[in-house]
Amino acid sequence: MPLLAAFLGPLLRGIYKLYLGLQAQNWAMRIAIVAALATLYVACVATFTAMIIPWFGAILETGFGMLLGLLFPPASGTVVASLGMFWACVLAKRLTVRLMKAF
């Protein structure tokens, strides 16, 4: 029995290390994707806040701008960024599914 344990011990440890390595790679990829999506969300909000809100401010000073003010409230930057993040998630999921089917 000790001979069997001496033979199977290193073999099973190697299989376990391989499994842990694959799982670590999987988790690292998931963390990288979530970080990329969070960065995309922050970039969308920053872009909307820095560029588009001043444009809306200039448009809202006109008579037609009052109607646009009702259609696009100040919180619309977050909404647009959230929609952008949602579609980025959809595209990332589609890409992931294609990659999984390829391998």
Side-chain angles (χ1 to χ4, degrees):
M1 204 59 151
L3 186 60
L4 183 63
F7 174 71
L8 288 179
L11 181 67
L12 292 176
R13 265 184 259 140
I15 292 172
Y16 183 68
K17 284 182 183 180
L18 176 66
Y19 173 75
L20 285 182
L22 292 175
Q23 288 297 344
Q25 182 182 9
N26 189 12
W27 278 100
M29 183 63 75
R30 288 180 184 185
I31 290 171
I33 289 171
V34 168
L37 291 175
T39 304
L40 178 66
Y41 177 78
V42 169
C44 287
V45 170
T47 300
F48 195 87
T49 303
M51 294 176 56
I52 297 175
I53 287 179
W55 292 343
F56 278 142
I59 290 173
L60 293 177
E61 293 175 358
T62 65
F64 180 69
M66 292 184 189
L67 176 64
L68 288 176
L70 293 173
L71 295 175
F72 298 103
S76 61
T78 305
V79 172
V80 170
S82 298
L83 289 174
M85 175 117 172
F86 170 75
W87 286 110
C89 288
V90 169
L91 291 175
K93 181 195 169 286
R94 288 181 183 169
L95 178 66
T96 304
V97 168
R98 285 184 191 159
L99 287 174
M100 288 172 64
K101 286 182 180 178
F103 295 104

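Side-chain atoms are counted along with the backbone in the values below, which use heavy atoms only and exclude waters and symmetry mates.
Remark: L22 engages L18, Q25 in a side chain to side chain contact (heavy atoms under 4.5 Å, CB included) (not counting sequence neighbours). Under the side chain to side chain contact (heavy atoms under 4.5 Å, CB included) criterion, W87 pairs with V90, not counting sequence neighbours.
From K17, atom NZ reaches atom CG of L12 across 12.5 Å, with rounding to the nearest 0.5 Å. Summarising the geometry, atom CD1 belonging to I15 is positioned 12.5 Å from atom CG belonging to L20; distances are rounded to the nearest 0.5 Å.
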